[in-house]
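Step one of this worksheet: look at the structure below.
Values below: all heavy atoms of this structure, side chains included; hydrogens, waters and symmetry mates excluded. For clarity, every value in this text was computed on a predicted model and none was experimentally measured. The sequence lines fix the lettering, A, B, ..., with proteins before strands; numbering per chain opens at 1.
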Amino acid sequence: MINDKNNCLKIIEAILFANSDLVDEKDLIKNIPRNFDLKKLLKELKEFYKSRGINIYNVKSKWGFRTSPDMSNFLKIEKNLKRKLSKAAVETLAIIAYYQPVTKGEIEKVRARNISQGTVDILIERGWVELKGRRKTPGKPLTWGTTDKFLEHFNLTDLKELPTIKEINQLGIEKK
Amino acid sequence: MINDKNNCLKIIEAILFANSDLVDEKDLIKNIPRNFDLKKLLKELKEFYKSRGINIYNVKSKWGFRTSPDMSNFLKIEKNLKRKLSKAAVETLAIIAYYQPVTKGEIEKVRARNISQGTVDILIERGWVELKGRRKTPGKPLTWGTTDKFLEHFNLTDLKELPTIKEINQLGIEKK
Amino acid sequence: MNDFVLNIDGYEGPIEVLLDLAKKQKVDLKHISILELADQYSNFVKDKIKNTNLTTVADFLVIASWLTYLKSRLLLPEKKNNEIPASTLAENLREQLIKLDEMRKAGTKILSRPQLNKDFFKNGLEKNTFIETKYTFDCSLYDLLKNIVDVDTRKKIKNFKLNLKKMYSVEEALQNLKKVFELNNDEWISLDSLVKNNETDNLIRKSFTASHFTASLELVKKGDVNIRQHAAFAPIYLKKRAVKK
């Protein structure tokens, strides 16, 4: 099966695609039967991709796939990368979700450490928490709670759907 | 120039190539003139790459380039190999995949013993299973299901591509 | 790491053993003999578990005794009462084994599919210039739950520590007794009199008494103090021993 030209082309395509750096001919040749002319295969591939959105490109003896240069104008795609929330932020979010409406002081008491404004800011920016008005106790502290967007993100229709702490323990989620 | 179908295909190719993660149709559509049917273009591309070394692959509405699974023998690029899953974890994964959304109690009914904490944790850590909300039955138990990452990892575009239990049983008989 | 995972001949639990034994009967799982299975299983348990720590094989033994019970019920004429008929229990077990067998095959089938980063690959490119990356923070429900459990656990531990602080350690009691005997060296002092009168918390009083009693025994052993009690549960008296020249 490997002794078929199409298969050789497939192998080269896959190798070039899977490597971020350009691949040297001497590394490609190891995967191609001797009776094939690697240079010729590479030229054929280059020709095949010439008018497509991705091209085969080489620097001396090194080869790789690149997006076609005339595509750059259309490629202003915004890529949303997801970054994990910090431990402090997840904990703060969890406390707000489970103990809302909750004051900053109460969050700190539960976490047994201060929360930085930055931590809360991230949660506000993400649209998951918001101010919920003042507590009617001396000092009238501001309280925090979760938003509808929070419910939406976690695929909940109601705060009641959050598992209780007892249930979480039964689920066998690992405690650190 | 953009109003030409080939150009649309080129743009899609370039975008899919430039993103190592799958790209959602809603992000692709921004780059394509309204008079084109994105789904149709994507299907055309998928067909075009079907027999090549790189294929177009989708999980539901997310699309991307992947090397063809037939090429795996030539791509011994060593990425950190993950620890083998235990039998219990494989069985639990299958139960979740086939009976989702499934409660912990239902999993245990098949496996006959408490699913050890570690088992589900390992599956979650790999990103293959997640909590899927509550069942609307008395007691409102929490349920588990598989993720899109599960589909992506096992080269599935949809859960329907998994063999049915009937098919699996027939396979077993053939072996004998 | 996990106490529940036991590896006997590579088995992770009794149900896996049962399934393999059932398959040894070489009939369709629907028609396996539960009587035979009970015998096979009890032989397995006798054979493999002989030298293993009892607590780790509890799971296996529970199933063994259940199977023995089921076997005896299958052999005896069925009584007419409210219990689930033995034939139903046997049928349920068969069904469970069939389901597990299916799921094991399904699992193998899933795992035999091409896998990302093993059999097929993403584009190797890490970054691309015309892609504007915008980072959004993400958090899964699982992360959230894990953290609330974490917070909850920490809260409990903290409360527990707070209670501990109020208790008297033997060290503290020793220090305390030494101070008492520095001031008073020729009178019998009752242990009860040392407890602060204003201490109303019963637990703390008990803790005080217990630690001071232990501390006084320590001092007696060292020869610094004499101790005396007239009868069981009578007050305990302490007195500093005269220093010998």
Subject >> Neighbours of chain C found in residues 40-57 of chain B - heavy atoms under 4.5 Å >> reply: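 Checking residues 40-57 of chain B against chain C gives no residue, so none.
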**OP:** May I ask you to name which of B:Tyr99, B:Phe65, B:Phe150 has the most heavy-atom pairs under 4.5 Å with chain C?
**Re:**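 Maximum pair count with chain C is reached by B:Tyr99.
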Proximal component of [X], with respect to chain C [non-hydrogen, under 4.5 Å]:
{"X": "B:Leu156", "result": "both"}
{"X": "B:Tyr98", "result": "side chain"}
{"X": "B:Ser68", "result": "backbone"}
{"X": "B:Ile95", "result": "both"}

Subject >> Other residues, nucleotides, ligands: >12 heavy atoms within 6.0 Å of C:Lys23 NZ >> reply: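 Count over threshold, so yes.
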**OP:** Report the distance from atom CG of C:Leu19 to atom CD of B:Glu91, rounding to the nearest 0.5 Å.
**Re:**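 C:Leu19 atom CG to B:Glu91 atom CD measures 8.0 Å (nearest 0.5 Å).
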**OP:** Measure the CG-CG distance between C:Leu29 and C:Asp101 for me, rounded to the nearest 0.5 Å.
**Re:**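 That separation rounds to 5.0 Å.
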**OP:** Tell me, please, which residues at least two apart from B:Thr146 pass side chain to side chain donor-acceptor pair (under 3.5 Å).
**Re:**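 For B:Thr146, the residues satisfying side chain to side chain donor-acceptor pair (under 3.5 Å) (neighbours in sequence not counted) are B:Gln100.
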Subject >> Set of side chain to side chain donor-acceptor pair (under 3.5 Å) partners for C:Asp138, sequence neighbours left out >> reply: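 Partners of C:Asp138 under the side chain to side chain donor-acceptor pair (under 3.5 Å) test: A:His153.
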**OP:** Please look at C:Leu141 and chain B and tell me whether the side chain, the backbone, both or neither of the residue comes under 4.5 angstrom of a heavy atom of that chain.
**Re:**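 Contact with chain B involves the side chain of C:Leu141 alone.
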Subject >> Residue pair C:Arg104 / C:Glu16, side-chain heavy-atom distance below 4.5 Å >> reply: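 Yes. Closest side-chain heavy atoms under 4.5 Å.
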Subject >> Side chain proximity check, C:Gln25 to C:Gln40, heavy atoms < 4.5 angstrom >> reply: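 SC-SC contact between C:Gln25 and C:Gln40 confirmed.
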Original post:
For the residue pair C:Phe60 and C:Phe44, does the interplanar ring angle fall in the parallel (under 30°), tilted (30 to 60°) or perpendicular (over 60°) class?
Top reply: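 C:Phe60 vs C:Phe44 ring planes: parallel.
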Subject >> Those residues that, when tested against C:Arg113, pass salt bridge (Lys or Arg N to Asp or Glu O under 4.0 Å) (two or more places apart) >> reply: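 Checked C:Arg113 against salt bridge (Lys or Arg N to Asp or Glu O under 4.0 Å); zero matches.
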